[in-house]
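Report on the structure given below.
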Amino acid sequence: NITLNGSHLSGINLSGAELSGVDLSRKLLTGINMAEALLNEANLSGAYLMEANLSGANLSSANVSSASLNSLNLKGCNLSNANVSGTTLNQADLSETNLSNANVSGSNLNNIDLRNSNLTNADVSGASLESIDFSGADLSYAKLMSANLSNANLRSANLTSADLRGTKLTQIDLSETNVESTQFGGNEGVSEQMKQDLIQRGAIFED
């Protein structure tokens, strides 16, 4: 195991390092390479990461709440069962990321890449997901209540049994999205014609 002291860490290469349970809370991390690192159960709450590479890192069950992870490379990262609530992830690359069972509620994920990611049973309620790319993503059983999905790309995404009640859906194309048993209701941006089409494809409207 590696101990990381100091509030500001810069330019360190920790690629593939064993960092399980490490405490990086409230640290400023610039130019850190943690690709393929083992960070399960790590504490990154309130951390500020700039130009960091966490692609392929294992952050399962980690605490990343209220962290700032803007423009980071998190491609293929494992964040299953992680606490990502209240985190800022603007313009980050989370394509092919595993966020199953993660708590992403209240986070800011505008303009990020989540293509082909796994968000099964994730709690994304109240999150800002504007202009996000969810194409090919698995959002089955995800909780998206009161989230903002305006201008999001959900082409070929799987929303089976997801909860989208109160979710903002302005300028959304769901024509190629799996909506079997998906819950809708009180959605801004859903026309009557769109609603009837979704119902015919298996969606459920509480109203």
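Everything quoted here is computed from the prediction, not taken from an experiment.
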Is Asn70 reaching over with its side chain to a backbone N or O of Asn90, donor-acceptor style, under 3.5 angstrom?
yes
Looking at Phe184, I'd like to know if the NZ or CZ of Lys195 sits under 6.0 Å from its six-membered ring centre while staying within 45 degrees of the ring's axis.
no
Does atom OH of Tyr48 have more than 12 heavy-atom neighbours from other groups under 6.0 Å away?
no
Can you tell whether the side chains of Arg115 and Glu96 come within less than 4.0 Å, N to carboxylate O?
no
Indicate yes or no for a side-chain donor-acceptor contact from Asn187 to the backbone of Thr167 under 3.5 Å, with no hydrogens or angles considered.
yes
Look only at the side chain of Ser60 and the backbone of Asn78, and say whether a donor-acceptor pair between them is shorter than 3.5 Å.
no
Considering only heavy atoms from C-beta outward, does the side chain of Ser150 approach that of Lys168 to under 4.5 Å?
yes
When rounded to the nearest 0.5 angstrom, what is the spacing between CG in Leu54 and CG in Leu44?
7.5 Å
Check: Glu206 and Arg165 side chains under 4.5 Å, non-hydrogen atoms:
yes
Short side-chain to backbone donor-acceptor contact, Asn151 and Glu130, under 3.5 Å:
no
Would Asp133 and Asn153 count as having a side-chain donor-acceptor pair, cut-off 3.5 Å?
yes
Test log, rule side-chain contact (heavy atoms from CB on, under 4.5 Å), inputs Leu198 and Leu174:
CA-CA 8 Å; Leu198 291 169; Leu174 296 172; 4.1 Å; yes
